[in-house]
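Shown next, in structure tokens, is the structure this report addresses.
In this text, all values refer to a predicted model and were calculated from it rather than measured experimentally. Every chain is numbered from 1, with letters handed out A, B, ... down the list of sequences.
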Amino acid sequence: MLQQTQVITVIPYFEKFITKYPTLSDLADADEEALLKDWEGLGYYNRIRNFQSAVREVKENYGAEVPEDPDEFFKLKGVGPYIGGAVQSIAFNHLLAAVDGNVLRVMSRLNADARDTTKAGVQKSVKEEIESMMPLEAGDFNQALMELGATVCTPRTPKCIVCPVQEHCEAFRDNTVHDYPVKKKKPKKKEEYYNVYFILNDREEIYLYRQEGDLLKGMYELPKFDVDTSMENIESELGVELDQKKVYIGSDKHVFTHKVWYMESYLLHTTSSNEHFMPLDEVRDVPMSTAMKKVFRKLATDGAGGL
DNA sequence: CATTCGTGGCA
DNA sequence: TTGCCAAGAAT
């Protein structure tokens with residue numbers, strides 16, 4: 001949960017998961033769609049699939065005991081350098097570093113390190129440097145380093161005046177704290193323009209399906225097409241016959257890490273039905289991305305009422 | 001090594 | 001309004 005996600009955001013999800021899935025088996029046996037519903041809104045949805053995969057692996061191949069051997073633990077899905085170091089140091093006191101964004105920022109300033117911290121090789125180097133001076137209280141040390149970054153050595157206005165390691169900080173000495181960490185600039189987000197359709201039939205059902213591909217995989221979405229797609233193509237793609245008149249619902253923008261969706265939504269009627277149609281009162285129970293929820297919200301407020 | 005994975009808060 | 005950033009990992 002904590003991968004690229006703030007602690008404050010994670011807390012309510014964490015509470016829900018440990019309550020609803022208190023044991024390894026509860027998580028291992030859970031339905032993927034139910035897990036996605038509980039993860040809804042947290043983003044990076046592959047994380048929960050990876051986690052379930054790791055839990056099943058532990059249950060089946062490690063006697064339901066989380067492996068204390070770092071080499072074994074690192075084999076689990078979703079376990080990378082950070083999670084591996086964090087868990088193995090905090091839970092089992094192995095002398096491994098837990099290098100997250102906070103730690104990279106702290107270390108780059110301490111050393112006035114101008115290397116690009118987005119590069120895996122640089123992160124590995126920082127990890128090895130920390131491990132070369134790791135005290136026996138590895139878990140505490142890792143958490144202290146992260147906490148220092150989260151509360152004192154912050155991105156914008158670091159509180160150098162109260163920093164406990166100020167006298168060791170090369171960037172502070174040089175008055176160049178704001179030059180670190182060095183990161184390569186992110187490429188511009190790709191803009192994508194879609195028409196999104198609420199297709200309702202006579203039985204109060206709506207066309208809704210699980211998203212495939214990689215982005216938002218497993219989350220339910222409304223039929224969505226490039227803006228230049230003809231109605232004939234849409235009917236043929238979806239296997240439905242659509243009434244001529246369509247009602248404009250609204251416009252939504254949704255920003256992802258690497259792309260932006262611009263969505264225009266419309267309400268359409270059909271007399272068709274197929275396996276993709278779902279009763280309207282079941283829509284609330286399926287996992288849906290924040291992007292699609294925005295579109296639905298507009299229908300509920302401005303549209304034909306009813307949801 | 002670079003790209004692709006969500007979402008919300010903040011300046 | 002825009003870009004940055006968050007207890008990163010898989011591909």
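In this model, the phosphate group of C/dA10 is not approached by any side-chain N or O of A/K75 to a distance below 4.0 Å at OP1 or OP2. For B/dT7, one of the phosphate oxygens OP1 or OP2 lies less than 4.0 angstrom from a side-chain nitrogen or oxygen of A/Y45. Neither OP1 nor OP2 of C/dA10 sits under 4.0 Å from any side-chain N or O of A/R47. Not one side-chain nitrogen or oxygen of A/H258 sits closer than 4.0 Å to the OP1 or OP2 atom of B/dT3. Distances shorter than 4.0 Å separate some side-chain N or O of A/N102 from OP1 or OP2 on C/dA7. Phosphate contact (OP1/OP2 of B/dC5, side-chain N/O of A/K217, threshold under 4.0 Å): absent.
Side-chain atoms of A/E57 and A/Y62 form no donor-acceptor pair, as typed in the model, at a separation below 3.5 Å. In this model, a donor atom of one side chain and an acceptor atom of the other lie less than 3.5 Å apart for A/T23 and A/D26.
By the neighbour-count criterion of 12 heavy atoms within 6.0 Å, atom NZ of A/K37 is densely surrounded, having more than that number from other residues, nucleotides or ligands.
For the P atom pair drawn from B/dT3 and C/dC4, the interatomic distance equals 15 Å after rounding to whole Å. Across the P atoms, B/dG8 and C/dA9 are found 22 Å apart, a figure rounded to whole Å. Taking atom P on both nucleotides, B/dC5 is separated from C/dA7 by 23 Å, rounded to a whole Å.
No engagement by A/T9 is indicated, since no non-hydrogen atom pair under 4.0 Å with the nucleic acid exists.
Rounded to whole Å, atom P of C/dA7 lies 12 Å from atom CD1 of A/I83. Whole-Å rounding puts the A/Q6 CD to B/dC10 P distance at 9 Å.
What you find for A/Y209 and A/L222 is that their closest heavy atoms are OH-O, 3.5 Å.
Map A/G78 and A/V7 each onto its nearest nucleotide of DNA chain C; the residue landing nearer the 5' end is A/V7. Heavy-atom nearest nucleotides on DNA chain B were determined for A/V122 and for A/K190, and the one closer to the 5' end corresponds to A/V122.
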